[in-house]
Visitor: 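Dropping a structure here in structure tokens format, bear with me for questions.
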Amino acid sequence: MTVFMQSPRAQTHVVERAPLHKAGPFSLPAVKRVLALLLLMVLTVGILGPTRAFADEPQTGAGTMTDTITDPQNLLGSDVGSVKDAIEETSQQTGVSVRLLYLPHFYAGVKPETWASRVLESMKPAHDTVMLAVASQDGKLVVAVSSNSQAWLRDQSSVDQLSQAALEPVTKGRNPDWVGSAKAMMTQVETLKQNQRHHRIMIVALSVTAVVLVILVVAVAIWWRRSSRTGAHHRKSGSAKKGPKPAKTVRELSDNTQNEAAS
């Protein structure tokens with residue numbers, strides 16, 4: 001508990017009392033059931049303290065337990081492969097790692113957002129990690145973003161958009177679309193990344209424009225100054241050429257006077 005209390009808090013968004021439909025009955029081979037429960041206990045009981053028991057919850061199929069998907073109820077069903085492909089594509093396109101966690105219940109006595117934050121940080125996630133956690137029997141959905149993510153992903157507005165994208169497919173129909181929910185969240189991740197890229201390009205473009213304007217202003221100022229100097233030099237040269245005529249000599253004045261007297 002001390003470790004988690006000291007670790008950074010991730011950004012989370014929780015949707016409670018969402019009209020999620022309960023999963024149907026299931027059957028697991030004994031060995032796989034034990035392994036699934038042990039792994040979930042490591043992630044939950046050993047880390048977060050007392051929980052609500054879910055061993056007796058109905059499940060369908062063998063479920064999925066991987067580094068990126070924890071789905072003991074097999075909510076993703078036969079589409080788990082396409083979801084894995086979407087996770088890989090999202091990582092390649094955006095650099096964002098996605099984790100999916102599906103449980104019957106979240107944990108009694110702990111707020112869903114606090115629980116999701118602790119679980120995500122306990123995994124020592126890579127930079128820019130998003131986790132979708134669903135409590136199918138409680139009607140709760142949480143989106144958590146790791147504390148070591150970039151600002152555009154950690155922003156609360158981004159977390160809210162991811163949560164809304166994941167929530168819509170599980171509430172708009174008679175049966176929740178878990179596959180659509182996961183993929184919708186990943187599509188929203190790509191949208192947020194594109195918006196961030198456009199924003200960065202705009203900032204760069206504005207910066208370049210500002211630099212170009214400054215250079216133009218400086219160039220015009222230099223040209224104007226040089227032009228002013230050149231004009232002043234030409235004016236001085238013209239004034240020197242149009243200076244006063246030299247005075248006539250005394251002889252020339254005398255000869256002129258004699259000529260006038262003789263005439």
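For clarity, every value in this text was computed on a predicted model and none was experimentally measured. Positions are given from 1 along the sequence.
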Visitor: State whether the side chain of R99 and the backbone N or O of D67 hold a donor-acceptor pair below 3.5 Å, judged by distance alone.
Guide: yes
Visitor: Side-chain contact, heavy-atom cut-off 4.5 Å: V189 with T191?
Guide: no
Visitor: Quick check: do S136 and L103 have side-chain heavy atoms less than 4.5 Å from each other?
Guide: no
Visitor: State, without any angle test, whether S146 and S149 hold a side-chain donor-acceptor pair at a distance under 3.5 Å.
Guide: yes
Visitor: Output the distance between atom CD (E113) and atom CZ (F106), rounded to the nearest 0.5 Å.
Guide: 10.0 Å
Visitor: Could you tell me whether the side chains of S157 and Q161 share a donor-acceptor contact shorter than 3.5 Å?
Guide: yes
Visitor: Once rounded to the nearest 0.5 Å, what's the spacing between atom OG of S82 and atom CD of E89?
Guide: 11.5 Å
Visitor: Which heavy atom in L76 sits nearest to a heavy atom in V83, and how many Å separate them?
Guide: CD1-CG1, 4.2 Å
Visitor: For D128 and L153, indicate whether the former's side chain and the latter's backbone hold a donor-acceptor pair under 3.5 Å.
Guide: no
Visitor: Tell me whether T90 contacts the main-chain N or O of A86 through its side chain, where contact means a donor paired with an acceptor under 3.5 Å.
Guide: yes
Visitor: Would you mind reporting whether L100 and M131 have side-chain heavy atoms less than 4.5 Å apart?
Guide: no
Visitor: For residues S97 and A126, report the shortest heavy-atom separation together with the two atoms involved.
Guide: OG-CB, 4.2 Å
Visitor: Can you tell me how far CG of D155 sits from CD of Q150, rounded to the nearest 0.5 angstrom?
Guide: 12.5 Å
Visitor: Checking Q92 against E88: is there a side-chain donor and acceptor pair closer than 3.5 Å?
Guide: yes
Visitor: Between D160 and Q156, do the side chains contain an N or O donor and an N or O acceptor separated by less than 3.5 Å?
Guide: yes
Visitor: What closest approach, in Å, do V98 and I87 show between heavy atoms, and which atom pair accounts for it?
Guide: O-CG2, 3.8 Å
Visitor: Answer with yes or no whether the side chains of T64 and K84 bring together a donor and an acceptor at under 3.5 Å.
Guide: no
Visitor: Report the distance from atom CE of M186 to atom CG of L132, rounding to the nearest 0.5 Å.
Guide: 8.5 Å
Visitor: Return the CE to CD distance between M185 and E190, rounded to the nearest 0.5 Å.
Guide: 11.0 Å
Visitor: Could you walk me through whether V134 and W178 pass side chain to side chain contact (heavy atoms under 4.5 Å, CB included), step by step?
Guide: CA-CA 10 Å; V134 173; W178 304 111; 3.4 Å; yes
Visitor: Taking the side chain as every heavy atom from C-beta outward, state whether Q73 and D71 have any atom pair closer than 4.5 Å.
Guide: yes
Visitor: Are any side-chain N or O atoms of T94 and backbone N or O atoms of S91, one a donor and one an acceptor, separated by less than 3.5 Å?
Guide: no
Visitor: Do L192 and V96 have side-chain heavy atoms sitting under 4.5 Å apart?
Guide: no
Visitor: Which heavy atom of S163 sits nearest a heavy atom of V143, and at what distance?
Guide: CA-CG2, 3.6 Å
Visitor: Quick one: does S181's side chain have a donor or acceptor within less than 3.5 Å of a partner on A166's backbone?
Guide: yes
Visitor: Starting at CD of Q93, measure out to OG1 of T187 and round the result to the nearest 0.5 Å.
Guide: 11.5 Å
Visitor: State, with a plain yes or no, whether a side-chain heavy atom of T70 is found less than 4.5 Å away from one of Y102.
Guide: no
Visitor: How far apart are the closest heavy atoms of R154 and S147, and which atoms are they?
Guide: CD-O, 3.6 Å
